[in-house]
Amino acid sequence: MSKKQGVISLAILIGLLSTYFMGWGLDSQTALLIDQEIKKHTPEIIRTRRFLHMNPELGNREFETANLIASKLLSFGLEVKSGIAITGVTGLLRGMEPGPTVGLRADMDALPIQELTDVSFKSLNPGVMHACGHDIHVAIALGTAKVMSALRDKINGNIKFIFQPAEEGTPAGEEGGADAMVLEGVLENPPIQAILGLHVWPENLGQVYFSPGPIMASSDWFQIVIEGKSSHAARPHEGIDAIALSSQVIVNLQSIVSRAVDPTDPVVVTIGKIEGGTKANIIAEKVTIEGTIRTLNETNRKKIPRLIEDVVRGITHSFGASYVFHYKKGTPLLYNHPDLASILAPTLTRTLGEGNVRDIKPQMVAEDFSYFAQKIPGFYFFLGVKDPEKPSMAPLHSPYFNPDERSIALGIKIMCRLLFDSLEYQRNIGEVPRQ
Ligand SMILES: [Zn+2]
Ligand SMILES: [Zn+2]
């Protein structure tokens with residue numbers, strides 16, 4: 001352990017001990033005030049959520065959603081900025097005393113899915129639905145802003161509420177999402193020291209799922225174009241069959257994950273699209289294959305594309321074909337900062353009770369909250385939204401996805417407590433070290 005790490009660990013130890021013995025963080029009076037404020041505003045917040053659900057908008061097109069958010073934040077007395085990375089909005093809440101700044105991020109976009117639920121507040125926008133629960137995320141962040149602004153005289157430091165467009169992706173050819181917000185300086189003015197985020201999860205209401213370290217995978221895109229030579233289907237010796245070669249490529253790509261990667265380190269290589277050939281009686285000249293690579297560390301992230309290209313090169317060249325390999329880095333790995341986790345995981349337990357904070361294995365899906373968490377310590381967890389009385393619920397991205405709205409009040413309560421505790425921690429102990 002280096003001297004610097006020793007000092008950092010000592011600071012964390014002091015922080016944890018003082019949490020334990022002095023119980024700083026949330027006093028019981030503030031905890032009660034949070035609960036009272038939530039109760040007072042829940043009906044209005046549910047109305048807002050239903051309005052958002054009825055009026056979903058796709059990535060980089062969240063204009064009405066952003067207008068609604070900005071006007072709510074203004075009415076709470078926050079300093080509001082709109083039009084960040086096209087439709088992004090921030091609201092800065094300055095506490096009574098100066099101090100550190102903590103961020104809370106909610107994503108705003110919906111999905112191109114036709115809603116099939118039977119709720120009374122179904123989407124009015126044909127083919128567009130909040131099927132990933134971002135309407136719940138916005139409602140929780142707005143509710144938290146409302147409650148925290150009512151408790152402003154108890155806040156030492158600032159809270160920046162960040163409403164982000166296009167988490168599910170942008171229209172073709174457009175930039176956007178968390179990456180674009182970071183580039184436009186959303187983590188500055190004032191500089192944010194730590195950032196919180198959540199995602200609804202189709203598990204029981206009352207439970208959250210959390211793990212320190214890697215929690216969601218990096219997601220990168222690749223395309224392989226195999227170019228052979230066309231000929232009559234009955235005279236294959238006069239051509240180079242791009243379809244036969246592509247099938248060899250696909251089979252051999254499977255051995256990258258099974259033979260070339262440490263089996264304790266999950267990796268996914270999925271081919272999701274293949275296109276080639278023109279007619280049954282013609283040897284195909286060209287095949288295009290597209291896929292996604294998911295990894296949980298940078299070593300594999302660098303290694304896998306090289307291995308894919310090696311396989312493609314070996315097979316195509318040995319049969320006289322050629323290839324073009326395209327690779328594009330997408331969302332980075334989402335990492336829960338271990339030091340921030342050790343400070344805030346106890347807050348989850350204090351809020352929900354032992355047994356309701358569940359470990360979760362890293363998920364191979366991706367989430368662009370990782371762009372924020374790459375720059376500053378991030379804390380991200382999954383909030384259960386399944387009615388515990390029901391045996392199951394439709395998954396995320398399903399046209400039947402229908403989260404339990406009681407999760408909104410609980411999400412606000414958790415976020416308020418996390419915000420108070422992280423501000424207090426940073427004021428008393430210091431900034432969580434960036435790694
Ligand atoms: Zn989604
Ligand atoms: Zn989502």
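Quick caveat: nothing in here was measured; it's all calculated off a predicted structure. Below, each value reflects all heavy atoms present in this structure, side chains not excepted, and no hydrogens, waters or symmetry copies.
Checking side-chain atoms of Thr48 against main-chain N and O of Glu44 turns up a donor-acceptor pair under 3.5 Å. Remark: the backbone N or O of Ala85 is paired with a side-chain donor or acceptor of Glu184 at under 3.5 angstrom. Looking at Gln363, its side chain does come within 3.5 Å of a backbone N or O of Lys361 through a donor-acceptor pair. Remark: the backbone N or O of Ala345 is paired with a side-chain donor or acceptor of Thr349 at under 3.5 angstrom. Judged purely by atom type and a 3.5 angstrom limit, Lys303 uses its side chain to pair as donor or acceptor with the backbone of Ala260. Using modelled atom types, one side-chain atom of Lys386 and one backbone atom of Lys390 make a donor-acceptor pair closer than 3.5 Å. Between the side chain of Glu62 and the backbone N or O of Ala166 there is at least one donor-acceptor pair closer than 3.5 Å. Looking at Asn204, its side chain never comes within 3.5 Å of a backbone N or O of Gln207 through a donor-acceptor pair. Although no hydrogens or angles enter the test, the distance criterion places a donor-acceptor pair under 3.5 Å between the side chain of Glu57 and the main chain of Thr65.
When all heavy atoms are compared, the tightest approach of Gly133 to Phe401 is N-CE2, 3.8 Å. In plain terms, the two heavy atoms of Thr292 and Ser219 that are nearest each other are OG1-OG, 3.8 Å. Heavy atoms only, all atoms of each residue included: Glu115 and Ser123 are closest at OE1-N, 2.9 Å. Smallest separation of non-hydrogen atoms from Gly157 and Leu423: CA-CD2, 4.4 Å. Shown here for Asn300 and Asn297, the closest heavy-atom pair between the two residues is N-OD1, 2.8 Å. Met129 approaches Ser398 most closely through the heavy-atom pair CE-O, 3.8 Å.
Below 30°, between 30° and 60°, or above 60°: for His130 and His53 the angle between ring planes is between 30° and 60°, a tilted geometry. Under the 30°/60° scheme for interplanar angles, the aromatic rings of His134 and His137 are found to lie parallel.
Between the CG atom in Leu74 and the CG atom in Leu78 there is a gap of 8.5 Å [rounded to 0.5 Å]. To the nearest 0.5 Å, atom CD1 of residue Ile136 and atom CD1 of residue Ile45 are 11.5 Å apart. Interatomic distance, CZ of Arg417 versus OG1 of Thr351, reported as 4.0 Å (0.5 Å rounding). Between atom CH2 of residue Trp201 and atom CG of residue Leu396 there is a gap of 6.0 Å, rounded to the nearest 0.5 Å.
Side-chain contact check for Phe372 versus Ile162: some heavy-atom pair is nearer than 4.5 Å. Using a 4.5 Å cut-off on side-chain heavy atoms (C-beta onward), Pro399 and Gln114 make no contact. Using a 4.5 Å heavy-atom threshold, the side chains of Asn156 and Glu424 count as touching. At least one side-chain heavy atom of Leu296 sits less than 4.5 Å from a side-chain heavy atom of Met364. Looking only at side-chain heavy atoms (C-beta outward), Val102 and Ile195 stay at 4.5 Å or farther from each other. Residues Leu196 and Leu344 are in side-chain contact: their nearest non-hydrogen atoms beyond the backbone lie under 4.5 Å apart. Two residues are said to be in side-chain contact when any heavy atoms from C-beta on lie closer than 4.5 Å; Val365 and Met216 meet this criterion. With contacts defined as side-chain heavy-atom distances shorter than 4.5 Å, the pair Pro165/Asp109 does not qualify.
For Lys122, the NZ atom sits in a packed shell: over 12 heavy atoms of surrounding residues, nucleotides or ligands are nearer than 6.0 Å. When the shell of 6.0 Å around OH of Tyr400 is examined, it contains 12 or fewer heavy atoms from other residues, nucleotides or ligands. Applying the 6.0 Å contact sphere to CD of Glu175 captures no more than 12 heavy atoms from other residues, nucleotides or ligands. By the 6.0 Å contact criterion, CG on Asp118 is open, its count of non-hydrogen atoms from other residues, nucleotides or ligands being 12 or less. More than 12 heavy atoms of other residues, nucleotides or ligands lie within 6.0 Å of NZ in Lys154, so this atom counts as buried by the packing criterion.
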Let me see the working for Glu79 and Lys160 under salt bridge (Lys or Arg N to Asp or Glu O under 4.0 Å), right down to the final yes or no.
CA-CA 9 Å; Glu79 293 170 28; Lys160 199 179 213 181; over 6 Å; no
Practice prompt. Decide yes or no on salt bridge (Lys or Arg N to Asp or Glu O under 4.0 Å) for Arg61 and Glu174, but give the supporting numbers first.
Written response: CA-CA 11 Å; Arg61 300 290 181 272; Glu174 290 183 25; 2.6 Å; yes
task: Apply salt bridge (Lys or Arg N to Asp or Glu O under 4.0 Å) to Arg301 and Asp220, showing your working.
output: CA-CA 8 Å; Arg301 195 180 190 196; Asp220 300 329; 2.8 Å; yes
Original post:
Does the side chain to side chain donor-acceptor pair (under 3.5 Å) test come out yes or no for Asp368 and Gln164, once each step is laid out?
Top reply: CA-CA 10 Å; Asp368 75 354; Gln164 180 214 302; 3.0 Å; yes
query: For Glu97 and Arg152, what are the C-alpha separation, side-chain angles and deciding distance, and is it a salt bridge (Lys or Arg N to Asp or Glu O under 4.0 Å)?
result: CA-CA 9 Å; Glu97 299 288 334; Arg152 186 172 164 265; over 6 Å; no
>> side chain to side chain donor-acceptor pair (under 3.5 Å) for Thr30 and Asp27? Distances and angles first, verdict last.
In response: CA-CA 6 Å; Thr30 310; Asp27 57 88; 2.8 Å; yes
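Remark: the Thr288 side chain and the Glu275 side chain contain no N/O donor-acceptor pair separated by less than 3.5 Å. Inspection of the Tyr327 and Gln223 side chains reveals no N or O donor paired with an N or O acceptor under 3.5 Å. Side-chain N/O atoms of Glu64 and Asn55 include no donor and acceptor closer than 3.5 Å. Side chains of Asp339 and Ser342: no donor on one and acceptor on the other come within 3.5 Å. A donor-acceptor contact under 3.5 angstrom links the side chains of Thr347 and Asp421, judged on distance only.
With respect to Phe369, the ring pair (Phe, Tyr, Trp, His ring centres under 6.0 Å) criterion is satisfied by exactly one of Phe379, Phe382, Tyr380: Tyr380.
Using a cut-off of 4.0 Å between Lys/Arg side-chain N and Asp/Glu carboxylate O, Arg49 and Glu405 are scored as salt-bridged.
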